Protein chains: 2
Amino acid sequence: MCASSRVCKMATINTSEENTLLDNQSSSSTDIKPPYLINSEPYSVAKQLLSKIDKCSSSSQRESLNSITSEKISLMTASEQSSVVQPLLTDLYQISMAYAYWKANKHQEMATFDLYFRKNPFGGEYTLFAGLEECLKFIRDYKFHPTDIDYLRTVLPTYTEQEYYDYLLQLDMNNIKIYAVPEGTVVFPRIPLLRIEGPILKTQLLETTLLTLVNYASLVATNAARFRSAIGTEKALLEFGLRRAQGPDGGLSASKYCYLGGFDGTSNVLAGKLYGIPIKGTHAHAYVSSYESMDDLTERELCDRKSGERRPFADLCLKYLNELGPILKILPEQTNKGELAAFTSYALAFPTNFLALVDTYEVLKSGLPNFLAVARALHECKYQAVGLRLDSGDLAYLSLEVRAKFREAATKFNIDYFKDFNIVASNDINEETLVSLEKQGHSIDTFGIGTHLVTCQKQPALGCVYKLVELDSSPRIKVSQDIEKVTIPGRKNLYRIFGHDGKALCDLLTKYDEPVPQPSVKILSRHPFSDQRRAYVTPTSVESLYKLYWADGEIKEQLPSLKDVREYAKDQLNQLRKDHIRDLNPTPYKVSVTEALFTFMHELWMKNIPIGELD
Amino acid sequence: MCASSRVCKMATINTSEENTLLDNQSSSSTDIKPPYLINSEPYSVAKQLLSKIDKCSSSSQRESLNSITSEKISLMTASEQSSVVQPLLTDLYQISMAYAYWKANKHQEMATFDLYFRKNPFGGEYTLFAGLEECLKFIRDYKFHPTDIDYLRTVLPTYTEQEYYDYLLQLDMNNIKIYAVPEGTVVFPRIPLLRIEGPILKTQLLETTLLTLVNYASLVATNAARFRSAIGTEKALLEFGLRRAQGPDGGLSASKYCYLGGFDGTSNVLAGKLYGIPIKGTHAHAYVSSYESMDDLTERELCDRKSGERRPFADLCLKYLNELGPILKILPEQTNKGELAAFTSYALAFPTNFLALVDTYEVLKSGLPNFLAVARALHECKYQAVGLRLDSGDLAYLSLEVRAKFREAATKFNIDYFKDFNIVASNDINEETLVSLEKQGHSIDTFGIGTHLVTCQKQPALGCVYKLVELDSSPRIKVSQDIEKVTIPGRKNLYRIFGHDGKALCDLLTKYDEPVPQPSVKILSRHPFSDQRRAYVTPTSVESLYKLYWADGEIKEQLPSLKDVREYAKDQLNQLRKDHIRDLNPTPYKVSVTEALFTFMHELWMKNIPIGELD
């Protein structure tokens with residue numbers, strides 16, 4: 001294959017000037033589709049559109065085509081889910097308990113379980129609920145495989161009855177009901193996120209897997225929302241955590257739920273394919289190290305984007321590097337020429353998407369001048385570079401220094417867009433780093449965030465629990481010496497109460513058969529555990545938070561696309577008062593119960609605690 | 001279905017007395033197969049053995065059958081691997097870089113990458129290497145699917161050449177080589193765990209996925225080893241973390257690698273099926289709450305294990321509860337009768353495996369007396385209860401109190417084994433809890449550990465990196481202002497040097513073509529970064545740590561079973577001096593380079609750093 005014949009194909013690119021223009025200043029966080037990193041579109045749609053897209057000569061046409069059709073994507077059509085999500089992905093005791101229920105002929109008793117958490121993560125006062133769609137898929141596809149049963153036979157005692165295995169083999173989740181708050185809802189401690197109703201054997205079997213699917217999804221979505229909140233809506237946030245995630249699927253879930261929580265894209269290609277998340281990326285240090293000098297370049301020419309004329313691109317890079325010496329006050333001969341060669345070759349491969357990683361050797365003395373030299377040479381060939389990435393050092397300082405040099409180069413070269421090159425930063429960033437960067441000032445446009453985001457360094461688990469609250473129409477309570485661990489018994493409904501300003505005032509749990517709270521009608525709301533804490537609330541509006549998602553063996557609600565869930569989550573956060581969201585000492589949001597539920601609960605509580613005797 | 005007819009089948013159980021005897025005092029940590037929790041055997045073997053086992057009348061025969069055959073299990077036969085481990089589970093920049101390499105006709109240049117980490121996790125001084133087998137499976141099965149290519153077409157710029165896609169579609173990893181230290185080896189910062197050799201395009205494409213597979217596996221295996229080290233070898237450690245893991249596959253990986261790191265079993269049924277890990281479990285609080293009184297029992301009789309005679313089991317439980325009043329100094333009428341009913345029904349379902357969760361209401365006033373009443377009734381029917389589980393409160397205090405009551409009951413009932421009932425504890429336990437419990441004294445036999453173990457609360461990510469060290473026979477270095485981030489260039493070999501006492505003295509990296517260090521021959525070993533730190537070492541023995549695992553398109557080494565890897569890891573830890581392993585201020589283990597490698601590295605380093613100019 002002749003390298004120069006390949007390069008000549010470049011002359012046929014019909015890319016409009018607008019495509020490569022930097023436009024990130026004007027866009028809001030959700031609209032940011034930085035043109036400088038490579039964009040993706042949802043695979044499921046993209047496939048159908050491929051032929052159409054191929055015929056589109058202008059990329060702006062392509063953009064609009066995609067934005068129209070991306071609305072149609074249903075998440076449930078994502079072609080794969082982790083194969084490990086199956087009935088055996090559970091704790092053994094679920095299967096033992098199921099046997100004991102079955103053996104006692106108790107397995108058909110109708111149970112209600114609540115799935116909820118007791119404390120918001122990360123020292124905050126809110127949580128984003130996520131993972132519902134995966135729960136519904138799990139329930140829809142619930143089926144023991146014959147090899148599962150063969151395995152269980154080797155695990156349970158030999159006297160376990162054959163009919164039990166037969167029973168498991170034909171088991172499905174068709175006669176259970178799942179009520180839940182919609183995915184992406186802002187939620188709080190003690191409110192049941194899912195209410196699961198059905199025969200106790202079945203509802204019990206779901207516990208571990210539902211917890212696994214909700215716990216991490218909600219945790220990492222909340223983490224993403226906090227990162228977003230720390231940096232504001234103007235900057236782009238990209239999730240780069242796959243390599244440090246807790247297992248392959250941990251990485252995939254992280255990409256999905258960080259997007260839900262307000263990130264703009266991911267580096268994870270499979271997440272792009274499966275979930276339609278925009279994917280982004282440039283090159284690594286290894287690419288830079290793979291070149292030692294300009295002599296390593298096998299191809300040195302680039303065709304002018306407009307005229308198609310062959311230009312001596314590598315020589316142009318060297319020429320402009322020399323011109324940059326006095327502008328940047330550096331010694332051009334001391335920049336690393338392997339790095340320059342790497343940048344040159346990368347620009348030859350991606351002339352419309354040149355974003356250089358500049359810290360392999362030394363940012364200000366080598367990476368920056370080499371980047372600017374290649375950017376200037378691209379300009380000469382009518383291409384526009386995108387920017388650079390910083391992956392080490394003091395990001396605030398370096399970004400400000402780099403921006404200053406961009407401005408000087410823009411002036412000296414008389415090319416205005418040079419001052420606006422994108423600066424991407426990606427070195428071990430956590431929420432505190434973002435808060436601190438905002439305070440001290442920086443000139444970063446895009447953050448690539450990995451380890452601390454996806455592993456949730458600050459708190460790596462959300463403590464969701466799954467508790468029996470009703471059986472055979474009779475309420476159940478789990479008491480504990482630790483008051484926070486006491487469950488709120490019975491089947492309940494859940495309402496969000498809004499005030500005049502459209503902001504949420506509190507959440508209210510009611511007994512199942514209580515009337516729906518009405519606007520303008522005063523209610524007494526009580527703290528579930530503390531006698532003294534109570535208040536009258538007069539709602540301006542009331543939202544019932546539960547929807548019936550699963551019944552009669554089918555999913556009852558049209559599930560929104562991931563992108564729509566992401567928008568919904570953003571709206572949800574906007575419904576909260578700022579003091580619930582702020583990073584320092586946020587105000588707790590009130591979750592209360594009605595007078596009737598309070599009394600009901602406390603009577604049952606007393607009944608279930610033995611009275612001690614002092615001796 | 002008639003419940004009592006079911007119960008009568010119990011009379012046909014031919015369980016020898018020995019099966020239900022508690023024997024955990026005498027066993028070492030790896031041998032602990034507590035009979036009180038339900039045991040599993042590897043599915044792949046179990047399936048073949050099923051008919052044989054079914055014919056075995058005594059469980060001790062069954063035990064020995066399994067222990068013989070479990071040696072034969074090859075991990076590679078595990079029937080499933082997470083479907084998300086595939087070529088697209090990578091960062092987009094790998095695919096962009098691959099295109100740039102291909103475009104520059106550089107893609108066939110032979111590269112060597114090192115995969116290593118820079119710092120031991122959890123403030124410790126050692127790490128267990130894990131994840132190798134999953135890496136090899138990934139490489140063996142590496143293949144882009146046509147839909148992957150269709151998706152990439154929508155992601156990469158439109159001018160990306162068709163031949164590149166054709167090239168990807170036919171790509172396999174047959175002409176790369178993987179050298180690695182064996183899975184389960186104790187490893188240290190900067191030693192390459194994997195050395196990957198092959199065309200740069202291919203070796204680059206592997207980066208993210210290999211990191212994902214090694215990072216968490218090694219992290220959680222190390223965490224498990226630290227928990228084991230904190231509690232010693234006498235106690236049983238069970239992993240209960242699935243519900244809090246970071247995603248479903250995070251849970252599955254946790255179960256596998258915690259077993260590797262020294263745990264005795266897991267609650268995760270799928271991990272049992274796929275990896276042959278012993279699985280354990282009893283019942284949850286919900287099971288207890290599902291009963292309100294003794295009237296809820298549909299079945300009240302149990303057949304005597306020896307005579308087959310029907311016994312009024314529920315009444316026996318109530319009778320013995322009354323007898324326990326004065327023994328335990330409690331009011332029998334105040335124990336929760338729903339709890340007693342739940343224990344009774346559970347014992348009816350699993351008379352040979354009765355282990356009760358006793359903290360649903362109140363441990364000492366309700367759970368413990370109810371448990372002892374059922375245990376005494378089981379004894380009456382010639383069954384032996386197993387023990388109880390504590391899931392809240394002060395575990396040290398409660399376990400000691402409970403043990404004291406066990407002793408009193410043993411004396412009063414004149415049943416010796418009552419004093420040795422197993423106490424399982426499982427409430428938010430982390431490494432520090434274990435250390436503290438050991439210091440203050442406790443009477444716990446088995447720990448069930450979840451959240452903090454599997455999410456690695458103390459440090460949720462291991463920072464493995466993947467660095468280019470050689471290309472086209474020429475060494476590459478990644479310099480950095482942070483000395484710890486400088487790479488050790490070139491292809492290298494790795495040796496572990498042992499002293500007189502059989503303990504490891506240090507690890508030694510050599511240039512690829514240097515002679516192998518010899519026993520009794522003095523070598524100068526140098527700190528890789530610090531001029532002043534050097535020492536002469538005279539090995540008693542030398543172990544070459546690398547094996548060639550992948551070449552010519554096949555796995556070159558017989559991969560050991562997970563159980564064998566676990567044993568190997570234990571031996572590895574025994575080869576370390578205790579001061580490297582202790583939890584408080586452990587001594588760093590030395591990783592050194594030869595004089596030749598030191599000089600080579602530092603010359604290249606100087607060459608790659610621009611000399612600044614002061615102005």
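All values reported here derive from a predicted model rather than from experimental measurement. Convention: sequence-line order gives letters A, B, ...; per-chain numbering from 1.
The two atoms that bring B:L471 and A:S290 nearest to each other are CD2-O, 3.1 Å, heavy atoms only. The minimum heavy-atom distance linking B:Y216 with A:A245 is given by the pair CB-O, 3.8 Å. Annotation for B:S96 and A:G281: closest pair OG-O, 4.4 Å, computed over non-hydrogen atoms. What you find for B:T298 and A:A104 is that their closest heavy atoms are OG1-O, 2.5 Å. A pairwise comparison of heavy atoms in A:V85 and B:P248 identifies CG2-CG, 3.6 Å as the closest pair.
The part of A:I477 that comes within reach of chain B is its backbone (N, CA, C, O), which places non-hydrogen atoms under 4.5 angstrom from that chain. For a residue to count as touching a neighbouring chain, one of its non-hydrogen atoms must lie under 4.5 Å from one of that chain's; by this rule A:R476 touches chain B with the side chain only. In this structure, chain A has no heavy atom under 4.5 Å from any part of B:V469. In this structure, the portion of A:F113 lying under 4.5 Å from any heavy atom of chain B is its side chain and not its backbone. Contacts of A:A284 with chain B are made by both backbone and side-chain atoms, with heavy-atom separations under 4.5 Å. Heavy atoms of A:H283 lying under 4.5 Å from chain B belong to its backbone as well as its side chain. Residue B:L89 touches chain A through both its backbone and its side chain, counting heavy-atom pairs closer than 4.5 Å. Only the backbone of B:L462 comes within less than 4.5 Å of a heavy atom in chain A; its side chain stays farther off. In this structure, the portions of A:D91 lying under 4.5 Å from any heavy atom of chain B include both its backbone and its side chain. B:E292 touches chain A through backbone and side chain together, each having a heavy atom under 4.5 Å away. Both the backbone and the side chain of B:L242 come within contact range of chain A, with heavy atoms under 4.5 Å apart.
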Please step through side chain to side chain donor-acceptor pair (under 3.5 Å) for the pair B:S345 and A:K106, ending with a clear verdict. CA-CA 10 Å; B:S345 72; A:K106 195 182 175 70; over 6 Å; no
Test A:E207 against B:R243 for salt bridge (Lys or Arg N to Asp or Glu O under 4.0 Å), laying out the working first. CA-CA 8 Å; A:E207 174 178 21; B:R243 65 187 59 197; 3.1 Å; yes
Show, in sequence, the C-alpha distance, side-chain angles and deciding distance for B:Y159 and A:T352, and conclude whether the side chain to side chain donor-acceptor pair (under 3.5 Å) test is met. CA-CA 10 Å; B:Y159 50 79; A:T352 61; 2.7 Å; yes
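By the 6.0 Å and 45° rule, A:K280 does not stack over the aromatic ring of B:Y93.
Annotation: side chain to side chain contact (heavy atoms under 4.5 Å, CB included) contacts of A:D472 (sequence neighbours excluded): A:E109. With sequence neighbours left out, A:Q246 forms a side chain to side chain donor-acceptor pair (under 3.5 Å) with no residue at all.
A salt bridge does not link B:K103 to A:E299: none of the charged nitrogens lies less than 4.0 Å from a carboxylate oxygen.
A distance of 11.0 Å separates CZ of A:R244 from CG of B:L219, quoted to the nearest 0.5 Å. Here OG1 of A:T455 is found 12.5 Å from CD of B:Q457. Values are rounded to the nearest 0.5 Å. In this structure, CG in B:N268 is found 9.0 Å from CG in A:L88, a value given to the nearest 0.5 Å. Note that the CG atom of B:L274 and the OH atom of A:Y151 stand 9.0 Å from one another [nearest 0.5 Å]. Taking CG of B:L156 as the start and CD1 of A:I279 as the end, the distance is 7.5 Å to the nearest 0.5 Å.
Residue with the most contacts toward chain A among B:G247, B:P460, B:A100: B:P460 (heavy-atom pairs, distance under 4.5 Å). Annotation: maximal heavy-atom pairing with chain B below 4.5 Å, among A:T208, A:V288, A:N215, A:V269, occurs at A:V269. For chain A, the option among B:D296, B:I95, B:T209, B:T90 with the highest count of heavy-atom pairs below 4.5 Å is B:T90. In terms of heavy-atom pairs under 4.5 angstrom with chain A, the leader among B:C464, B:A271, B:A111 is B:C464. The most heavy-atom pairs under 4.5 Å with chain B, out of A:G250, A:S392, A:A286, A:A461, come from A:A286. In terms of non-hydrogen atom pairs under 4.5 Å with chain A, the most contact-rich of B:V363, B:T360, B:D359 is B:T360. With chain A as the partner, the residue from B:L468, B:T451, B:T212 showing the most heavy-atom pairs under 4.5 Å is B:T212. Ranked by heavy-atom pairs shorter than 4.5 Å toward chain B, the options A:S253, A:S474, A:G338, A:A217 are led by A:S474.
Of the options A:Y346, A:F350, A:Y287, a ring pair (Phe, Tyr, Trp, His ring centres under 6.0 Å) to B:Y99 is made by A:F350 and by none of the others.
A side-chain N or O of A:T147 and one of B:K273 form a donor-acceptor pair less than 3.5 Å apart.
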